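Because the structure is a prediction, the values reported are computed rather than measured.
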Amino acid sequence: MSIVTEPAARVGKGQAHGKAILIGEHAVVYGHPAIVLPLEPIRVLVEVGLASGGDRIDCTYFQGKLEEAPERLSGLAAVVEEARRELESSLSGFSLTIRSEIPPGYGLGSSAAVAVALVRALYDVHRHPLTQEQLLHLVHIAETHAHGTPSGVDAWAASTDYPLWFVRGRRPESLPLMRPLFLVVANSRVPGNTREAVQHVRESLERLQGGESPVDRLAALASRARTALSRGDYAELGRLMTGAHEQLAELGIATDHLNALVGAALEQGALGAKLTGSGEGGSMIALAPDKNRQNQVAATLAQAGALQVWTPVLGENSIG
Ligand code: MEV
């Protein structure tokens, strides 16, 4: 007896993960480089099944018809529409189920990761191969709805599993690690808004006109960080991260709580610490010298009022 799968039972699945910018956020919007890291422990899973009577969505914010979903989900609706067109799909109704561990609005790449997982699931339900170019094109639609003019760094980071050297408009380079990176990522109690933070940085830069700007200094710090990373010189990398935080603070996007979390991590022996992502709330990242210190820094940040704390280790099988 052969078993035939009913079309209604067909399910497509897609996954993606969060990201943390090690150095270069905001400067990346102006064409400068950034180093971005995958945060594989925090993940998004999207399932796409077939539905009768139009598209439906089930996520934290809304359960119901996609066309009646709140404005914040409009980017996902646009992605579904464009994917349907690109796939020349004959499937009339999808049921989208989104389960995400990435807190939205905390600079950890939530919106891009959801979009990446959604596109993967939509192509999977059609049993259609998906190129990185097609993926990025569709994710860009969602990111434009979410952030205005994204640099594209979040979409790349959510869809690749290794550290990247990212320059807007270019194919990113993967960065090998000589030694494991013991990181602590923590979110402050206040979410940020990327679109607004990017606008505030623009206004700060207009005010600071003349001479070398914080964005130029961030670019120089990112280049030195790449060298430090390639040498496995994490003491230097940490100093550069802290230096980047000072530049981001000069741009006006470090809140008191982010400054307090950065200070607490440094006092506890972190090699460096900075805000990560768009700032004005959101998250920070610290680099620890070893596993022990990583756990101590994490505990300190929880005591200092961080909402959530993660302790990812990157490159455990590194080449060094
Ligand atoms: C957001 O994760 C990073 C920013 O540089 C904005 C962007 O690159 O699109 C603040």
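- Shown here for H245 and L275, the closest heavy-atom pair between the two residues is ND1-N, 3.0 Å.
- Summarising the local packing, CZ of R99 is surrounded by more than 12 heavy atoms from other residues, nucleotides or ligands at distances under 6.0 Å.
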Using distance only, find each side-chain donor-acceptor pair of residues 109-118 under 3.5 Å and give its atom names and separation, not counting sequence neighbours.
{"from": "S111", "atom 1": "OG", "to": "E143", "atom 2": "OE1", "distance (Å)": "2.7"}
{"from": "S111", "atom 1": "OG", "to": "H147", "atom 2": "NE2", "distance (Å)": "3.1"}

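- No donor-acceptor pair under 3.5 Å is formed between the side chain of N295 and the backbone N or O of N292.
- Using a distance-only test at 3.5 Å, with no hydrogens or angles considered, no donor-acceptor pair links the side chain of S188 to the main chain of S283.
- The shortest non-hydrogen separation linking V48 to A121 is CG2-CB, 3.6 Å.
- Heavy atoms only, all atoms of each residue included: Q132 and S159 are closest at NE2-OG, 3.1 Å.
- Contact check for E280 versus V190: no side-chain heavy atoms found under the 4.5 Å cut-off.
- Heavy-atom minimum distance, R195 versus H145: NH2-O, 3.0 Å.
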Take I42 and V185 through the side chain to side chain contact (heavy atoms under 4.5 Å, CB included) test and state the conclusion after the steps. CA-CA 11 Å; I42 44 174; V185 177; over 6 Å; no

Any chance you could lay out the side chain to side chain contact (heavy atoms under 4.5 Å, CB included) test for I98 and I57, step after step, and finish with the verdict? CA-CA 8 Å; I98 300 173; I57 185 162; 3.9 Å; yes

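- Salt bridge status for R85 with E82: present, with a side-chain N to carboxylate O gap under 4.0 Å.
- For E81, the CD atom sits in a loose shell: 12 or fewer heavy atoms of surrounding residues, nucleotides or ligands are nearer than 6.0 Å.
- With a 4.5 Å cut-off on side-chain heavy atoms, I35 and L164 do not count as touching.
- The backbone N or O of Q308 lies less than 3.5 Å from a partner atom in the side chain of N187, making a donor-acceptor pair.
- Going from atom NE2 of H200 over to atom CD1 of I253 covers 11.0 Å, rounded to the nearest 0.5 Å.
- A donor-acceptor distance shorter than 3.5 angstrom exists from the side chain of K19 to the backbone of G107, with no hydrogens or angles considered.
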Given side chain to side chain contact (heavy atoms under 4.5 Å, CB included), test V184 with W310 step by step and report yes or no. CA-CA 6 Å; V184 185; W310 297 268; over 6 Å; no

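- Residue S174 comes nearest to P176 through the heavy atom pair O-CD, 3.6 Å, listed as atom of the first residue, atom of the second, then distance.
- Within the 4.5 Å cutoff, the side chain of L218 has heavy atoms near those of the L248 side chain.
- Considering only heavy atoms from C-beta on, E267 stays 4.5 Å or farther from T300 through its side chain.
- Side-chain contact, Y61 with R72: a donor N or O sits under 3.5 Å from an acceptor N or O.
- Annotation for E71: atom CD does not count as buried by contact number, only 12 or fewer foreign heavy atoms lying within 6.0 Å.
- In this structure, R217 does not pair ionically with E246, as no charged nitrogen and carboxylate oxygen lie closer than 4.0 Å.
- A distance of 8.5 Å separates OG of S278 from CD1 of I21, quoted to the nearest 0.5 Å.
- Rounding to the nearest 0.5 Å places OG of S89 at 8.5 Å from CG of L122.
- Under the 3.5 Å distance criterion, the side-chain polar atoms of S213 are left unmatched by any main-chain donor or acceptor of Q209.
- Residues F182 and V262 do not share a hydrophobic cluster, defined by chaining ILVMFWY side chains whose heavy atoms lie under 4.5 Å apart.
- Open room surrounds CG on D256; 12 or fewer heavy atoms of other groups in view lie less than 6.0 Å from it.
- Note: K274 NZ to Q247 CD = 12.0 Å, rounded to the nearest 0.5 Å.
- Y162 and V28 fall within a single hydrophobic cluster, where Ile, Leu, Val, Met, Phe, Trp and Tyr side chains are chained together by heavy-atom contacts under 4.5 Å.
- A donor-acceptor pair under 3.5 Å is absent between the side-chain atoms of Q15 and the main chain of L45, judged by distance alone.
- Using a 4.5 Å heavy-atom cutoff, the side chains of P163 and L22 are not in contact.
- Judged purely by atom type and a 3.5 angstrom limit, R179 uses its side chain to pair as donor or acceptor with the backbone of G232.
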Applying side chain to side chain contact (heavy atoms under 4.5 Å, CB included) to R226 and E173, what does each step give before you reach the verdict? CA-CA 11 Å; R226 180 180 185 164; E173 295 169 55; 2.7 Å; yes

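- Side-chain contact between H140 and P150 is present, with heavy atoms from C-beta onward closer than 4.5 Å.
- Residues L229 and L181 have side chains in contact (heavy-atom distance under 4.5 Å, counting atoms from C-beta outward).
- Side chain of R10 to backbone of L50: no donor-acceptor contact under 3.5 angstrom is found.
- Counting heavy atoms from C-beta on, the side chains of W156 and P38 never come closer than 4.5 Å.
- Remark: Y30 OH to R202 CZ distance equals 4.0 Å, nearest 0.5 Å.
- A 6.0 Å sphere centred on NZ of K291 holds more than 12 heavy atoms belonging to other residues, nucleotides or ligands.
- There is a path of hydrophobic side-chain contacts, each under 4.5 Å, that joins Y234 to L240.
- In this structure, CG in L307 is found 5.0 Å from OH in Y106, a value given to the nearest 0.5 Å.
- Of all non-hydrogen atoms in P214 and L205, the two that sit nearest each other are CD-CD2, 4.4 Å.
- Between the side chain of R127 and the backbone N or O of G12, no donor-acceptor pair lies under 3.5 Å.
- Looking only at distances, no side-chain donor or acceptor of Q63 sits under 3.5 Å from a matching main-chain atom of D58.
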